[in-house]
Amino acid sequence: MTPHGARASEDAEDLDVEEVLALVKNSNGNHLPDPTAPGGTDGARAPHRPDPSDGPDTRHRATPWPEARALAERAGCDAARAARRAPVSAPLDTALGLTLATPLDALTDLPSFDTSAMDGWAVCGPAPWHVREEGVLAGHAAPAPLTDGEAVRIATGARIPPDTTAVLRSEHGRTDDKGRLYATRDVAPGQDIRPRGQECRTGDQLLAAGTLVTPAVLGLAAAAGYDTVSAVPRTRVEVLVLGDELLTQGLPRDGLIRDALGPMLPPWLRALGAEVTAVRRIRDDADALHRAVTTSDADVILTTGGTAAGPLDHVHPTLSRIGAELLVDGVEVRPGHPMLLARVTETQHLVGLPGNPLAAVSGLLTLAEPLLRILAARPAPEPYTMPLRDAVHGHPHDTRLVPVVLRGDEAVPLHYNGPAMLRGIAAADALAVVQPGGARPGQETELLDLPWASGGIGVCFT
């Protein structure tokens, strides 16, 4: 038998992230980009390398929103293939939100012995029964066998005495003045007994590699005898909050504003399965940003602000200075179109989010979520649509992401959805993906769930 807490499938010991991704794709049919496909994913355009001859009108080649997400997935596949990260042995109390790197096989029969499914009496033969003085409790040694006409008090989860016919529930039995036990309804053989191996036998595969570790998965692993699970390691993310105008406490004053992204991004990133290694605040200084980027050992660097072309927007010049490859330089989406994705090294990427809060959320869901999902080997969520209750004005050419709440079988668009506003997204269940030109009432519209509203593991940010 596999040692207690050990991985049960030695054949899968050397799986890396890319191989787990393949298992995820094969098991659930979700689309995953081919990291070896030439010229992009699903027809996405090739990444743009800045050319010194590019004029100011050609530097930003905005990518359509679906293609930008596909390019972020492809970047994750490329990084996973280059890094070939080995699985980690994660204790159960730290494994929530990880992805299983090997199958979870049963280390024992479940249950491992015949147990009582109810509080009552274990009985042998037909009624009436003489009741033993001492009862049987859960966690105690094996009880003595019963004989015909004998019963014993038993607790839920306790071991069934040998030769037991059935368990009689407490509410279905009565005793007479001589202490004899009778049933108030028919008793079927095997009633309310959980037989050994009812749920699984030793060696049965309980869950496949590629399964997301939810609270229920943790419970199953513990019941099956595991102390640790083999999982894809968390992606390390460093957050760089850029800007001279940001306060970390108190009321806005003297042209300064509160930093909303520093508190918001780390728990959101953890909900996406990442490990946030640091949140650093960087002044509007090109050399300071260069030092922060070049000294980071994170798998993904996430910057906020500085992605446009103003005099204090240092992200593009910094990426050019270090020779990074721009994979996405602007996206045809509102809010958030000046977002970007760059490959710094084979295994390190930088996601540049706009500084406006809702625009940053748009960049997070457009570029960071697909990249982090692939690196975490999580399956892609199944796309779904709902009809909009109200009309939504669209941009003439770009996709719009609009906060909505779900009411019955409709999605209700929320106000306060400007790029600098968080009031709408704070009350939202999802973001509606509104195509160029807008949407009419009742029109089916794709929705992007928010981690805390999706009913998934994202509700826990630890």
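We're numbering straight along the sequence, starting at 1.
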Can T211 and L104 be said to form a side-chain contact (heavy atoms from CB on, under 4.5 Å), step by step?
-> CA-CA 9 Å; T211 299; L104 192 75; over 6 Å; no
Could you go through the side-chain contact (heavy atoms from CB on, under 4.5 Å) check for T399 and V433 one step at a time?
-> CA-CA 7 Å; T399 300; V433 181; 3.6 Å; yes
Could you go through the side-chain hydrogen bond (donor to acceptor under 3.5 Å, both in side chains) check for T228 and S89 one step at a time?
-> CA-CA 6 Å; T228 64; S89 181; 3.1 Å; yes
Which is it for Y226 and D105 under the side-chain contact (heavy atoms from CB on, under 4.5 Å) test, yes or no, and what are the steps along the way?
-> CA-CA 10 Å; Y226 285 84; D105 294 341; 4.1 Å; yes
Audit row: L207, L100, side-chain contact (heavy atoms from CB on, under 4.5 Å) steps and yes/no = CA-CA 9 Å; L207 296 169; L100 294 181; 4.1 Å; yes
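In this structure, CG on L431 lies 7.0 Å from CG on L358, to the nearest 0.5 angstrom. For the atom pair R400 CZ and Q435 CD, the distance stands at 12.5 Å (nearest 0.5 Å). Interatomic distance, R258 CZ to L256 CG, rounded to the nearest 0.5 Å: 11.5 Å. A distance of 12.0 Å separates OG1 of T214 from CG of L98, quoted to the nearest 0.5 Å. To the nearest 0.5 Å, atom OG1 of residue T304 and atom CG of residue L242 are 5.0 Å apart. Going from atom CG of L341 over to atom CG of D329 covers 10.5 Å, rounded to the nearest 0.5 Å.
No side-chain donor from either of D299 and T235 sits under 3.5 Å from a side-chain acceptor of the other.
Remark: D78 engages R81 in a salt bridge, criterion side-chain N to carboxylate O under 4.0 Å. Electrostatic pairing of D114 and R194 does not count as a salt bridge here, judged by no charged N lying under 4.0 Å from a carboxylate O. Using a 4.0 Å cut-off between charged side-chain N and carboxylate O, R270 and E275 make no salt bridge. Salt bridge R343/E325: present, at least one basic N to carboxylate O contact under 4.0 Å. Under a 4.0 Å N-O distance rule, the pair R334/D398 qualifies as a salt bridge.
Counting only distance, with no hydrogens or angles, the side chain of T366 and the backbone of S362 share a donor-acceptor pair below 3.5 Å. Put simply, the side chain of Q191 gets close to the backbone of A188: a donor and an acceptor are under 3.5 Å apart. Of the possible donor and acceptor atoms, one in the side chain of T202 sits under 3.5 Å from a partner among the backbone N and O of D109.
With sequence neighbours excluded, the residues satisfying side-chain contact (heavy atoms from CB on, under 4.5 Å) with A79 are H349, L375. Under the rule for a side-chain contact (heavy atoms from CB on, under 4.5 Å), the partners of H314 that lie at least two apart in sequence or sit in another chain are A286, L289, L312, T318.
The environment of E346 atom CD is sparse: at most 12 non-hydrogen atoms of other residues, nucleotides or ligands sit within 6.0 angstrom. Other residues, nucleotides and ligands contribute at most 12 non-hydrogen atoms within 6.0 Å of the OH atom of Y416. Within 6.0 Å of CZ on R440 lie no more than 12 heavy atoms contributed by other residues, nucleotides or ligands.
Considering every non-hydrogen atom in both A260 and L422, the closest pair reads CB-CD1, 3.8 Å. The two atoms that bring R196 and R201 nearest to each other are O-NH2, 3.5 Å, heavy atoms only. Scanning both residues, L447 and A430, for their nearest heavy atoms gives CB-CB, 4.3 Å. Residue A155 comes nearest to S116 through the heavy atom pair O-CB, 3.6 Å, listed as atom of the first residue, atom of the second, then distance. Annotation for T99 and A376: closest pair OG1-O, 2.8 Å, computed over non-hydrogen atoms. Residues P403 and N417 approach most closely at CD-CB, 3.7 Å, considering heavy atoms.
The salt bridge (Lys or Arg N to Asp or Glu O under 4.0 Å) pairs that include a residue from residues 280-298 are R236-D297, E238-R280, D244-R283, D259-R281, D287-R321, where partners are two or more places apart or lie in different chains.
Between R407 and V412, the closest side-chain pair of non-hydrogen atoms falls below 4.5 Å.
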